[in-house]
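One structure is given below, encoded as structure tokens.
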Amino acid sequence: MAAATGAFHFLSIPMSYQLPPEWAPQSAVMLTWPRADGDFARSFEAVERCFIEIAVTISRFQPVHINYGLDPVLLRDRLAQSGAVPGRVRIEVVESNDVWCRDHGPITVRDADGEWVHLDFRFNGWGGKFEAALDDQITRRLAERGALSAPVRTVDFVLEGGGIEVDGRGTLLTTERCLLAPTRNPGLDRAGIEAVLKPLLGVDRVLWLRHGDLLGDDTDGHIDTLARFCDAGTLAYQACDNPADPHYPELAAMAEELRALRTPDGAPYRLVALPLPDPIHELDEQGRPGRRLPAGYANFLILNGAVLVPVYGDRHDEEALARLRPLFPDRQVIGIDCRALIAQYGSLHCVTMQIPAA
């Protein structure tokens, strides 16, 4: 991403912007690299291998921007040795708390004059669950050193990128559990949140889901774990066809909600159900199973020429890939083993943030 001139500044008055859908052309994907002393410390080698696979695969299709807390020389060499495309990896030294770039990275929009702006919403660790002060400063730190492709505007509103989906035609899809959580923006109801987001993201309607949940999820129901736009008329969603599974009531109720939704033209959405992986559980230091982890296939990432899909060494992996391939006929659909990521309650889309083509 080319450096931009000018400092960030606080955005106090709503302006008219447009957030492109994920399938729009991209200039890069941003990652925040794991820390050896962070939450992944017990499985750092495995999670770093996963990040290397993600970064190398992204570099086959477009540039990758990496936020890294140490000397970048060693990481640059490791990525090159692993097959990263020369010239498509940029590493910026910046401190972080954790890896979930979808939620602390910039949300990039276009203004009324066609100029790009990185919106820096507040990130408070999913409602104060986890320390997030360093993550909340990443976009501003990158802006201060001219490491971003456009100016940054800071918005005094808590919003995570994983909590929103847009179709590029004025529709935003989200969940009540996340955006209405009192630990995000207390005192704001649906109307208040819509008044903030509509001008900032360029939408004229918000579709709210009341149901949908994955056990082990710390995000209060991020939409990117549940239902995703594949184009303006198609939604892929996380289903569950086993009535004995604890997920079944919530995901069945969510499916009913999705069937009732309509496109801006009044047509029902084309709905594509994704299978649910078999249960994956957190393991303690003695290898004993504990909390169920929020593994799912809706947490995929759309690139310029590919769709990267989290897989888990599960019997449903190939079925999930097969259901997604017809939805992206002009892109390669590639599975990425995300068992190391899901151990910390997130997956592939959660650790990435696309930057639209500027």
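Hydrogens, waters and symmetry mates play no part in the numbers below; they use all other heavy atoms, side chains included.
M353 is listed as a side-chain neighbour of I107, based on a closest heavy-atom distance under 4.5 Å. With a 4.5 Å cut-off on side-chain heavy atoms, Q238 and L214 count as touching. Here the side chains of D278 and H316 are in contact, with some heavy-atom distance below 4.5 Å. Y269 is not listed as a side-chain neighbour of Y237, based on a closest heavy-atom distance of 4.5 Å or more. Using a 4.5 Å heavy-atom cutoff, the side chains of V351 and C101 are not in contact. At least one side-chain heavy atom of I58 sits under 4.5 Å from a side-chain heavy atom of L303.
A single hydrophobic cluster is seen to contain both L324 and V272, as judged by linkage of ILVMFWY side chains at heavy-atom distances under 4.5 Å, directly or through other members. Follow the hydrophobic side-chain contacts under 4.5 Å out from V89 and you never reach V85; the two are in separate clusters. L348 and V56 fall within the same hydrophobic cluster, where Ile, Leu, Val, Met, Phe, Trp and Tyr residues are linked whenever their side-chain heavy atoms come under 4.5 Å apart, directly or through other members. In the hydrophobic cluster analysis, where Ile, Leu, Val, Met, Phe, Trp and Tyr join through side-chain heavy atoms closer than 4.5 angstrom, L209 is grouped apart from L201. Placement of I342 and L215 in two distinct hydrophobic clusters is found when ILVMFWY residues are connected by side-chain heavy-atom separations under 4.5 Å, directly or transitively.
Between K198 and D204, none of the side-chain N atoms (NZ, or NE/NH1/NH2) sits under 4.0 Å from a carboxylate O, so this pair counts as no salt bridge. With respect to the salt-bridge test (charged N to carboxylate O, under 4.0 angstrom), the residues E319 and R323 qualify. A salt bridge is absent between R35 and D39: the closest approach of a Lys/Arg side-chain nitrogen to an acidic carboxylate oxygen does not fall below 4.0 angstrom. A salt bridge links R291 with D218: the distance from a Lys NZ or Arg NE/NH1/NH2 to an Asp or Glu carboxylate oxygen falls below 4.0 Å. Ion pairing of R177 with D213 is present here, as a side-chain N (NZ or NE/NH1/NH2) and a carboxylate O approach within less than 4.0 Å. The pair D265-R169 counts as a salt bridge, with a side-chain nitrogen and a carboxylate oxygen less than 4.0 angstrom apart. A salt bridge does not link R153 with D120: every distance from a Lys NZ or Arg NE/NH1/NH2 to an Asp or Glu carboxylate oxygen is 4.0 Å or more. Taking the charged nitrogens against the carboxylate oxygens, E92 and R90 do have a contact shorter than 4.0 Å, which makes a salt bridge.
Between the side chain of W116 and the main chain of A357, a donor-acceptor pair closer than 3.5 Å is present. Under the 3.5 Å distance criterion, the side-chain polar atoms of N67 are left unmatched by any main-chain donor or acceptor of V94. For S27 (side chain) and I355 (main-chain N/O), a donor-acceptor pair under 3.5 Å exists by modelled atom type. One N or O on the side chain of Q62 and one on the backbone of N304 form a donor-acceptor pair closer than 3.5 Å. Side-chain atoms of T57 come within 3.5 Å of backbone atoms of E53 as a donor-acceptor pair (strictly under, hydrogens ignored).
In summary, the side chains of E22 and H349 do present a donor paired with an acceptor at a separation below 3.5 Å, with no hydrogens or angles considered. E194 and W208 share a donor-acceptor pair across their side chains, judged by distance under 3.5 Å alone. Donor-acceptor pairing under 3.5 Å is lacking for the side chains of E257 and H211. Residues T174 and H222 have side chains that never bring a donor and an acceptor to within less than 3.5 angstrom of each other. Counting only N and O atoms by type, the side chains of R228 and Y297 include no donor and acceptor under 3.5 Å apart. Judged purely by distance below 3.5 Å, without hydrogens or angles, the side chains of Y312 and S347 pair a donor atom with an acceptor atom. There is no side-chain donor-acceptor pair under 3.5 Å between W23 and D231. Checked by atom type, the side-chain pair H104/T32 shows a donor-acceptor distance below 3.5 Å.
Dense packing is recorded around CG of D284, with more than 12 heavy atoms of other residues, nucleotides or ligands lying under 6.0 Å away.
In this structure, F40 and W100 have tilted ring planes: the angle between them lies in the 30° to 60° band.
Partner of L173 under the side-chain contact (heavy atoms from CB on, under 4.5 Å) criterion, chosen from I223, L226, D224: I223.
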With a 3.5 Å cut-off and sequence neighbours excluded, list the donor-acceptor pairs that the side chains of residues 72-81 form with protein atoms.
from, atom 1, to, atom 2, distance (Å)
R78, NH1, E48, OE1, 2.6

N/O donor to acceptor pairs below 3.5 angstrom from side-chain atoms of residues 183-193, sequence neighbours left out:
from, atom 1, to, atom 2, distance (Å)
R184, NE, E160, OE1, 3.4
R184, NE, E160, OE2, 2.8
R184, NH1, D220, OD2, 2.6
R184, NH2, E160, OE1, 3.0
R184, NH2, T219, O, 2.8
N185, OD1, V158, N, 2.9
N185, ND2, V158, O, 2.9
D189, OD1, A191, N, 3.2
D189, OD1, G192, N, 2.9
R190, NE, E176, OE2, 3.2
R190, NH2, E176, OE2, 2.4

